[in-house]
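The structure under discussion appears below in the form of structure tokens.
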Amino acid sequence: MRVNLAITAPKCDCKARYPRAMRQGSPRFVGETWPVMSDEPAQAVVKEIPPKAADLSAWYTAVCLKAELVSYSPVRGCVVLRPYGFALWEKLQQHLDARFKQTGHENAYFPLFIPANLLQREAEHVEGFAPEVAWVTRGGGEELTEPLAIRPTSEAIIGVMYAKWIQSYRDLPILINQWANVVRWEKATRPFLRTMEFLWQEGHTAHASAEEARKETLTILDLYRDFAENVAGVPVYAGPKSAGERFPGAVETFAIEALMPDGKALQSGTSHDLGQNFAKAYDIKFVDSDSAIKFVHTTSWGVSWRMLGGLIMVHGDDRGLRLPPKMAPLEAVLIPIVRTNDDRAVAACQATAERLAAAGFRVRLDARDEQPGWKYSEWDVRGVPVRIEIGPRDVESGTAVLVRRDRQKGDPEQRRSVALRDVESNLRELLDDVAASLYRDAKRFLDEHTIATSDRAEFFELCRNRAGMVDIAWCNRPECEAHVKAATTATSRVLRPLEGSAVCTACGEPAQVRAYFAQSY
RNA sequence: CGGGGCGUAGCUCAGCUUGGUUAGAGCGUCGCGUUUGGGACGCGAAGGCCGGACGUUCGAAUCGUCUCGCCCCGACCA
């Protein structure tokens, strides 16, 4: 089998090199820090990527651009998802889609345009989305008699269709998902985290009973949690949202919330129990087994490419992306070390790449005519979990050097030499270890930045300082949350049951739940 | 939508205060050669409606007004 493993498009806009003066005296071999700038702790490791700890926002934007995930476009607030970024999105799609199928869902596709009157049927829904809906008012050179909304979400159009499709309890449940783009008119945008047009999936289901709808909502919530933790390596808190954080039109909203390095929470997936609100608005009725005409119970749930933004921030370091292996478009990149009159390493890499591909690994050979060190840096920026180096010494000894992206230079565990005959098992083991290690680090960060307090002043201070997930006993009253938000800009992220009795840390009223409070993206 | 910053070569920027010949640098790109285990080096070459519009002026990258876009910090959201 001859697979196309070599890269063919070496174009990249991140090749800037350090000025010569800065390079002089730099070590030529691994195991030492490069560049030598020990008296300048804030110095970027990779040119054009500022240190992550110094300015998360600047670091984030630079990484998204330099890793060639996205590129800004001439369209305000909209990014181009470049091939590497799209490949990352595809990995998310593959994993989630497989889970949706396993739980009985089917994919379908609904129109991008939503007539004004449809969108307006559910009062809370339209009110909630009004500020961010884009409208088409002209088409074919003529003013439209009825403006068309560009979907901010698809409850409306799907509700109308469900009303047509559903007659009997035998038609239920309907379990449909769509992969789509949606538009929300945003004022400030950032790659993945908030763009005017974004990619997501939205699931829409209809059920005969409230219990079944609630079960579906929770099934998806757990599916999202499982994906975030076990595939993306991002630990999350999952649970119900407060009334103030609820989806417009929902009876109850559940979410998974991740914690970013700057102490702000990122809502990474939502699952809504819509009750009969949309069924009533869109007249989705069925005849039940007892011959009574009833409204269905619906749910909706979504994960967007925002999840990718969270993964980037949680795992990335000063050298760029660090992708969890299951999400990485490439699990390993092979870099031959060629010498003058000795390009045996290229053939060895090609053969190894083919073997690995045959074994099911996503690998690529980088045989471009560039310095090896230059290639290391470039693939570091892109976060490929493992690099495989084969040089003349390896050709002689039948070995390869496996270098893991999650470890820093100088770490003795960063690189290991393995026999080529065992490369598959070694790579498998290494990838698993990288995945576990990335998750472990992220989990430790979340744990260390989840702070329980019952002291009112401390609570407000922690919220203001973006200390992380601030865990309190809470009254679950909208007025209380509004007050906390006004004072600290933090809101409740997700709730969980309260054990025993307590007073609300924020206001002193009787507590009903425990809540994680944090500022959020 | 408020507050702040920035748009000059593919990238990072200098030049602008005090308008004046062909607008510069480093890196990248292209060609040739030497190199290649953490961002190589030499020689040669190409590359710019100075974000856009209007204005002031004999003359605008430079001054003024407007506009578009990007970044950062807030308010709203996934």
Side-chain angles (χ1 to χ4, degrees), chain A residues 10-24 26-35 45-48 55-58 60-62 65-66 72-79 128-132 152-153 182 184-196 198-200 202 245 247-248 253 255-257 266-270 272 301-307 309-310 319 335-343 345 368-381 387 389-394 400-401 403 409-410 414-415 417 485-486 489 491 519-521:
Chain A
K11 296 300 178 190
C12 160
D13 57 9
C14 56
K15 289 186 177 180
R17 291 170 183 168
Y18 276 97
R20 186 177 183 186
M22 198 181 290
R23 290 195 306 268
Q24 285 177 343
S26 295
R28 293 188 66 197
F29 300 97
V30 291
E32 297 180 61
T33 308
W34 178 92
V45 173
V46 178
K47 185 169 184 178
E48 294 166 10
D55 183 346
L56 184 67
S57 289
Y60 175 79
T61 303
L65 294 173
K66 299 309 169 193
Y72 286 107
S73 75
V75 188
R76 182 181 78 80
C78 297
V79 294
F129 278 104
E132 42 188 351
T153 179
V182 288
R184 295 184 188 174
W185 213 257
E186 298 287 353
K187 294 150 190 167
T189 59
R190 308 183 63 194
F192 298 122
L193 301 176
R194 188 186 300 115
T195 48
M196 296 226 303
F198 59 92
L199 300 183
W200 77 345
E202 47 179 325
E245 295 288 309
F247 177 76
T253 286
I256 55 171
E257 293 272 343
L266 184 75
Q267 180 170 301
S268 307
T270 51
H272 314 291
W301 27 273
V303 158
S304 77
W305 70 19
R306 172 182 252 195
M307 172 84 79
R319 283 186 286 153
I335 298 181
I337 313 297
V338 290
R339 293 251 167 78
T340 306
N341 300 322
D342 182 3
D343 62 354
R368 288 176 295 176
D369 183 19
E370 297 283 357
Q371 299 290 117
W374 184 90
K375 294 177 186 175
Y376 300 167
S377 294
E378 185 172 272
W379 293 110
D380 279 354
V381 171
R387 176 175 78 235
E389 304 170 12
I390 299 180
R393 296 199 297 269
D394 296 300
V401 176
V403 184
K409 283 176 274 189
Q414 187 202 15
R415 45 197 296 130
S417 182
K485 184 175 183 179
T489 77
T491 52
Q519 295 181 31
S520 68
Y521 274 91

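Note that these values count all heavy atoms, side chains included, but never hydrogens, waters or copies made by symmetry. Predicted model only: the values in this text are computed from it and were never measured. A note on names: the letters A, B, ... follow the listed sequences, proteins ahead of strands, and every chain is numbered from 1.
- As rounded to whole Å, 12 Å separates atom C1' of B/U36 from atom CZ of A/Arg393.
- Among the heavy atoms of the strands, none lies under 4.0 Å from A/Phe129.
- Rounded to a whole angstrom, the distance from the C1' atom of B/C11 to that of B/G28 is 7 Å.
- Base contact: A/Thr195 has a heavy atom under 4.0 Å from a base atom.
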Once base and sugar-phosphate atoms are separated, protein heavy atoms under 4.0 Å mark nucleotides 70-76 of chain B, 5' to 3', with B, S and - as SSSSSSB
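- Across all strands shown, B/U56 remains unpaired; no Watson-Crick or G-U wobble contact has both distances below 3.5 Å.
- A donor-acceptor contact under 3.5 Å is formed by the side chain of A/Glu389 with the base of B/G37.
- Within the nucleic acid shown, A/Val401 comes within 4.0 Å of at least one base atom, counting heavy atoms only.
- Each of A/Ser304 and A/Val338 was matched to the nucleotide of RNA chain B holding its nearest heavy atom; the match closer to the 5' end belongs to A/Val338.
- One can place CG of A/Leu65 at 9 Å from P of B/U12, the figure rounded to the nearest angstrom.
- Base pairing of B/C30 is made with B/G44, judged by Watson-Crick or G-U wobble geometry with both donor-acceptor distances under 3.5 Å.
- When all heavy atoms are compared, the tightest approach of A/Glu389 to A/Val403 is OE2-CG2, 3.5 Å.
- The partner of B/G7 is B/C68, by the rule that a Watson-Crick or G-U pair needs both atom distances under 3.5 Å.
- Put simply, the side chain of A/Thr253 does not reach to within 4.5 Å of the side chain of A/Glu245, judged on heavy atoms.
- A/Met196 and A/Cys78 get closest at one heavy-atom pair: CB-SG, 4.1 Å.
- B/C50 sits 8 Å from B/A23 when the C1' atoms are compared, rounded to a whole Å.
- Rounded to a whole Å, the CZ atom of A/Arg339 is 12 Å from the P atom of B/U35.
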Under 3.5 Å, which protein N or O atoms sit close to an N or O of nucleotides 45-50 of chain B? Give each pair with its distance.
none

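- OP1 or OP2 of B/U36 has at least one side-chain nitrogen or oxygen of A/Thr340 nearer than 4.0 Å.
- B/U12 is paired with B/A25 under the criterion used here, namely a Watson-Crick or G-U wobble arrangement in which both key atom distances are under 3.5 Å.
- Between B/G37 and B/C32, the distance separating the two P atoms is 22 Å to the nearest Å.
- On the C1' atoms, B/U65 is 22 Å away from B/U18, given to the nearest whole Å.
- With ring centers used as reference points, A/Phe192 lies under 6.0 Å from A/Trp305.
- Using modelled atom types, one finds no donor on one side chain facing an acceptor on the other under 3.5 Å when comparing A/Gln371 with A/Tyr376.
- Remark: P of B/A40 and OH of A/Tyr376 are 11 Å apart, rounded to the nearest angstrom.
- If you measure from atom CD of A/Glu370 to atom P of B/C27, you get 15 Å, rounded to the nearest angstrom.
- Here the shortest heavy-atom pairing between A/Ala345 and A/Gly391 reads CB-CA, 4.2 Å.
- A straight line from CD of A/Glu378 to P of B/G28 spans 13 Å, rounded to a whole angstrom.
- In plain terms, the two heavy atoms of A/Glu186 and A/Arg194 that are nearest each other are OE1-CD, 3.3 Å.
- If you measure from atom CG of A/Asp342 to atom C1' of B/U34, you get 17 Å, rounded to the nearest angstrom.
- Residue-level contact check: A/Leu193 touches the bases, meaning some heavy atom is under 4.0 Å from a base atom.
- Atom CD1 of A/Ile390 and atom C1' of B/U36 are 16 Å apart (whole Å).
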* Asked: How far apart are the C-alpha atoms of A/Val182 and A/Glu202, what are their side-chain angles, what is the distance that settles it, and do they pass the side-chain contact (heavy atoms from CB on, under 4.5 Å) test?
  -> CA-CA 10 Å; A/Val182 288; A/Glu202 47 179 325; 4.2 Å; yes
Exercise for review: Kindly determine whether A/Thr270 and A/Phe247 satisfy side-chain contact (heavy atoms from CB on, under 4.5 Å), including the steps that lead there.
Suggested key: CA-CA 9 Å; A/Thr270 51; A/Phe247 177 76; over 6 Å; no
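- Going from the P atom of B/G42 to that of B/A61 covers 35 Å, rounded to whole Å.
- Look at the P atom in both B/G7 and B/A14: the space between them is 7 Å, to the nearest Å.
- If you take atom P in B/G52 and the same atom in B/G10, they sit 13 Å apart, rounded to whole Å.
- Look at the C1' atom in both B/G26 and B/U36: the space between them is 24 Å, to the nearest Å.
- Between A/Gln371 and the phosphate of B/A40, there is a side-chain N or O to OP1/OP2 separation shorter than 4.0 Å.
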TODO: For A/Glu378 and A/Arg368, run salt bridge (Lys or Arg N to Asp or Glu O under 4.0 Å): C-alpha distance rounded to whole Å, both residues' side-chain angles, the deciding distance at 0.1 Å, then the answer.
DONE: CA-CA 12 Å; A/Glu378 185 172 272; A/Arg368 288 176 295 176; 2.6 Å; yes
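- Pairing each heavy atom of A/Leu193 with each of A/Gly310, the nearest pair is CD2-N, 4.4 Å.
- Of all nucleotides present, only B/C73 satisfies the Watson-Crick or G-U wobble test against B/G2, with each distance under 3.5 Å.
- Nearest heavy atom pair, residue A/Asp394 against residue A/Val401, reads OD1-CG2, 3.9 Å.
- Each of A/Ala400 and A/Gly128 has a nearest nucleotide on RNA chain B; the 5'-most of these lies closest to A/Ala400.
- Across B/U29, B/C77, B/U35, the shortest atom-to-atom separation from the side chain of A/Asp369 is found for B/U35.
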